Amino acid sequence: THFDAPGGTDPVVLNLGSMGKGQAWVNGHHIGRYWTLVSPKDGCQRTCDYRGAYNSAKCTTNCGEPTQIWYHIPRSWLYTSSNLLVSETHYPPLRMWTHSDLINRRMVVNNMTPEMHLQCEDGHTISSIEFASYGTPQGSCQMFSRGNCHAPNSLSVVSQ
């Protein structure tokens, strides 16, 4: 998408909280990987004090909320108008999708269901699908195998 830089001199941030998982670039500059993970609800503290020795459980806050949604864009990367935001999106897991408004902190995906379109050049036909795995396949072109995570109906879904 294209956007105009906001006026003023305040820092510029982008809210990627509805984006699922992926990476984003502004005018060719990588602003980061995003993945809207939700922090666990247990172990949350109302107040935070960083004094003393470090430990990983110190100052656990925002429990039940996304771990990060705001991404800084340096103003030096922005033009007055026609800034280009590019996102490589990986959709959230199916268990996170719902068809109504926000329910129990789950994402709403409505008409954003990912689709894959396979096609050949004119005069050619896809005659078979040799391998398909929604999960963590191993290998590379012509030498794929199932990984530790695999949806058993992957091949039939892709074949349809």
Side-chain angles (χ1 to χ4, degrees), residues 1-116 131-141 143-154 157:
T1 189
H2 287 90
F3 67 97
D4 295 338
T9 59
D10 291 333
V12 178
V13 295
L14 185 60
N15 182 343
L16 297 178
S18 65
M19 296 295 288
K21 180 181 180 182
Q23 299 185 61
W25 293 262
V26 172
N27 296 330
H29 299 280
H30 188 246
I31 62 170
R33 299 174 69 104
Y34 55 86
W35 187 3
T36 311
L37 285 175
V38 175
S39 300
K41 291 183 180 180
D42 59 337
C44 204
Q45 302 155 353
R46 289 190 178 264
T47 60
C48 179
D49 186 353
Y50 284 105
R51 294 178 290 185
Y54 169 81
N55 74 57
S56 61
K58 186 181 275 191
C59 294
T60 304
T61 59
N62 295 328
C63 298
E65 300 293 326
T67 56
Q68 180 178 355
I69 60 172
W70 300 104
Y71 291 79
H72 177 251
I73 304 170
R75 279 199 177 263
S76 62
W77 293 0
L78 297 177
Y79 308 120
T80 304
S81 62
S82 297
N83 292 285
L84 177 62
L85 170 64
V86 175
S87 169
E88 174 189 57
T89 299
H90 302 278
Y91 288 90
L94 289 175
R95 71 180 184 282
M96 298 287 291
W97 295 16
T98 63
H99 294 289
S100 59
D101 291 333
L102 192 65
I103 299 173
N104 296 329
R105 298 196 160 298
R106 292 171 65 180
M107 292 181 187
V108 179
V109 180
N110 293 341
N111 295 325
M112 293 176 38
T113 304
E115 293 182 8
M116 179 173 62
F131 179 84
S133 176
Y134 179 77
T136 56
Q138 307 291 318
S140 60
C141 192
M143 300 288 290
F144 284 109
S145 63
R146 291 182 186 170
N148 293 335
C149 177
H150 171 73
N153 64 341
S154 299
V157 169

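Because the structure is predicted, anything quoted here is derived from the model rather than measured.
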Worksheet entry | Ser133 side chain vs His150 backbone, donor-acceptor pair below 3.5 Å | no
Item to complete: Determine the minimum heavy-atom distance between Leu78 and Ile73, stating which atoms define it.
Response: CD2-CG2, 3.7 Å
Discussion item. Has Ser154 got a side-chain atom pairing as donor or acceptor with Tyr134's backbone, closer than 3.5 angstrom?
Written reply: yes
Item to complete: Flag yes if more than 12 heavy atoms outside Arg33 fall under 6.0 Å of its CZ atom; otherwise flag no.
Response: no
Worksheet entry | Gap separating the CG atom of Leu85 from the CG atom of Leu14, nearest 0.5 angstrom | 5.5 Å
Item to complete: Step by step, work out the side-chain contact (heavy atoms from CB on, under 4.5 Å) result for Leu16 and Ile69.
Response: CA-CA 5 Å; Leu16 297 178; Ile69 60 172; 5.9 Å; no
Worksheet entry | Plane angle bin for Trp77 and His29 - parallel if under 30°, tilted between 30 and 60°, otherwise perpendicular | parallel
Fill in: Within-4.5 Å side-chain heavy-atom neighbours: Pro6 and Arg75
yes
Item to complete: Scan side-chain atoms only and decide if Ser82 and His2 contain a donor-acceptor pair under the 3.5 Å cut-off.
Response: no
Worksheet, complete the sentence: Phe3 meets the ring pair (Phe, Tyr, Trp, His ring centres under 6.0 Å) criterion, sequence neighbours left out, with none
Discussion item. For the CG atom of Asp4 and the CG atom of Asn83, what is their distance to the nearest 0.5 Å?
Written reply: 7.5 Å
Discussion item. Which residues pass the side chain to side chain contact (heavy atoms under 4.5 Å, CB included) test with Trp70, not counting sequence neighbours?
Written reply: Val13, Asn15
Fill in: Ala5 versus Tyr79, closest heavy-atom pair with distance
CB-O, 3.2 Å
